[in-house]
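Scroll down for the structure; my scribbles are underneath it.
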Number of protein chains: 2
Amino acid sequence: MDEVKTPEVYVDGVIFQLIDNELSVLLTQRERNPFKDRWALPGGLDPIEETTYKAMTRILVEKTGVRVNQLGIIEQLYTFDTVIGNPEGPAVSVVYLGIGKNITPKATQSHRNSQFFSVKQLPELAFDHNKIITYAHQRLKAKVSYTNVIFALLPQLFTLSQLQDAYQAVLEEVLDKRNFRKKFLGLGLIHPTGEFHMGGAHRPARLYKFNKLALQYLSRGFD
Amino acid sequence: MDEVKTPEVYVDGVIFQLIDNELSVLLTQRERNPFKDRWALPGGLDPIEETTYKAMTRILVEKTGVRVNQLGIIEQLYTFDTVIGNPEGPAVSVVYLGIGKNITPKATQSHRNSQFFSVKQLPELAFDHNKIITYAHQRLKAKVSYTNVIFALLPQLFTLSQLQDAYQAVLEEVLDKRNFRKKFLGLGLIHPTGEFHMGGAHRPARLYKFNKLALQYLSRGFD
DNA sequence: ACAAAAGTGTTAAGAATACACCCATGT
DNA sequence: ACATGGGTGTATTCTTAACACTTTTGT
């Protein structure tokens, strides 16, 4: 109604994957001010003709070379008000949480540097992006406990040890091997494939598969 | 950057309280098109000089006479893209979830009709507001199970039966009285005040109080 | 033969569920 | 005296938590 101006709408993405059993987040180096050369979450303005989801998809490719369909899951996380330190005026930022595996960012026309950083060793980021990543990590912790979302961090075929490592990386705690297996197998989310992972100087490990590669809510919470 | 136009930013509120042990939601009747005379969630445009939270606060008073400090809790729920049926073009709506008790909406300059409706008997609402309320109710169900948020629905002094009724209204299921009491008292969130609720033609009921009237996360989930 | 990760079971404590009767008051 | 909601305990099942040794492979 009338002539009210509303804030600018931005989108930002917190994209997680595991690298060497560490939860890691995709960052891109800013090409301009404000915060030129600082690392930041991939994001940008949401143009009027795109939904925030669509804008996120496009911007992610443009800035990091990562396509949303490489992700196991992407969902809205939270909307933050007024980007701190943004000299270009009031804004809201709709933040998405994405989870994937084996993602390799590429240099693009607009951004020459993008890479994954362990959440344990983040540099000081642009805007309030450190805070946003902490929030996303908390949400992910909760989510692996009451859904099967861990699938998004794992390859199609995986060993129980890989599964446990993924949980441990997200939850930042060590779990008991026997109890972990008993409990997780009891959820009925995965099945053994009959194949084995050979390779190390040790006994081969059964390879498992998720029954469904879509988000499911668990009746009994996990951990 | 540059000359990109972004969508309009709206805020909307889903304000719950109990009325006759039914979970009810605050609606206001639209004074203009689109959807003139339809019931709708209180909401409006977020002007550039206000955060979405601040805009929510102001708009809630303007449209329904309800002040945010009458609510036990208010928090961001979700951001919906492009208000369906909004002829005024693309928009995002940042939706807040509020919970209170003993709230009486008042007619205001801009809106003559505001009232609570049981979520079980909602009329057909403007935009996608029915869908948003369903989503908010789901979230509330989850939230009463892993936080103490139920306090926001109850008076300061309350009986265990009132507490159980509140859970039952939110969860839409019947709980066992003895198990409910054992479990809830075991959480250590409330304490008896020594006072009693006299009145009915029956044994007086102990009155309890929450230890803290602020959101707490439970170690063991509830129900 | 040794190193390295895979795999496997039992016991004890705590939590969840199912279930029925007496108590204190108002009328 | 009776109607109404308040208040209480036990037995069973299921879940969680703690804990250590054997197996299979590569070198």
Side-chain angles (χ1 to χ4, degrees), chain A residues 18 20-21 141 144-146 148 154-155 157-169 171-209 217-223, chain B residues 18 20-22 141-142 144-148 154-155 157-169 171 173-209 217-223:
Chain A
L18 293 176
D20 295 336
N21 282 333
K141 277 190 193 185
V144 295
S145 300
Y146 65 86
N148 66 344
L154 292 167
L157 295 178
F158 55 89
T159 68
L160 292 179
S161 294
Q162 283 177 288
L163 178 64
Q164 184 175 343
D165 286 344
Y167 267 102
Q168 294 184 160
L171 296 175
E172 299 180 297
E173 59 182 286
V174 176
L175 306 173
D176 176 84
K177 182 162 63 161
R178 279 173 294 184
N179 291 340
F180 174 82
R181 288 171 181 224
K182 205 185 321 165
K183 198 165 166 184
F184 196 90
L185 290 171
L187 297 175
L189 297 173
I190 62 176
H191 58 89
T193 58
E195 294 180 73
F196 287 82
H197 174 76
M198 315 292 286
H202 55 77
R203 182 169 171 176
R206 273 191 214 304
L207 287 166
Y208 286 81
K209 226 178 188 169
Y217 292 81
L218 309 181
S219 45
R220 307 208 162 286
F222 188 80
D223 196 273
Chain B
L18 293 177
D20 296 336
N21 283 332
E22 297 238 323
K141 278 190 193 185
V144 296
S145 300
Y146 65 87
T147 74
N148 66 344
L154 292 167
L157 296 178
F158 54 89
T159 68
L160 292 179
S161 292
Q162 284 178 285
L163 179 64
Q164 184 176 343
D165 287 343
Y167 267 102
Q168 293 183 162
L171 296 175
E173 59 183 286
V174 176
L175 306 174
D176 177 84
K177 183 161 62 161
R178 279 173 294 187
N179 292 339
F180 174 82
R181 290 172 179 222
K182 203 186 322 166
K183 195 164 168 184
F184 196 90
L185 290 170
L187 297 175
L189 297 172
I190 62 177
H191 61 270
T193 59
E195 295 180 74
F196 286 80
H197 175 76
M198 314 293 287
H202 53 78
R203 182 170 172 176
R206 276 193 210 310
L207 287 166
Y208 287 81
K209 223 178 190 171
Y217 291 81
L218 309 180
S219 46
R220 304 205 165 288
F222 188 80
D223 197 275

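Throughout, a chain's letter reflects where its sequence line sits, starting with A, and its residues are numbered from 1.
- Between Leu185(B) atom CG and dG7(D) atom P there is a gap of 10 Å when expressed in whole angstrom units.
- Checked against side chain to side chain contact (heavy atoms under 4.5 Å, CB included), Ala166(A) has the following partners two or more places apart in sequence or in another chain: Leu18(A), Ile150(A), Leu154(A).
- A straight line from CD of Gln162(B) to C1' of dG6(D) spans 13 Å, rounded to a whole angstrom.
- With sequence neighbours excluded, the residues that form a ring-ring contact (aromatic ring centres under 6.0 Å, His included) with Tyr167(A) are Phe180(A), Phe184(A), Phe222(A).
- Looking at residues two or more places apart in sequence or on another chain, you find no side chain to side chain contact (heavy atoms under 4.5 Å, CB included) involving His202(B).
- Residues satisfying the side chain to side chain contact (heavy atoms under 4.5 Å, CB included) test with Thr147(B), not counting sequence neighbours, are Lys143(B), Val149(B), Leu215(B), Tyr217(B).
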At under 4.0 Å between heavy atoms, which parts of nucleotides 17-27 of chain C does protein reach? Answer with one letter per nucleotide, 5' to 3': B base, S sugar-phosphate only, - none. BBBB--BBBS-
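- Taking atom CG of residue Leu207(B) and atom P of nucleotide dG6(D), one finds them 11 Å apart after rounding to whole Å.
- Phosphate proximity of dA6(C) to Ser161(A): present, with a side-chain N or O under 4.0 Å from OP1 or OP2.
- Computed from coordinates, the Gln164(A) CD to dT8(C) P distance equals 14 Å when rounded to whole Å.
- Remark: Lys182(A) engages Asn179(A) in a side chain to side chain contact (heavy atoms under 4.5 Å, CB included) (not counting sequence neighbours).
- Between the CD atom of Gln162(A) and the CG atom of Leu157(A) there is a distance of 9.5 Å, given to the nearest 0.5 Å.
- Counting any heavy atom pair closer than 4.0 Å across all strands shown, Arg181(A) reaches a base atom.
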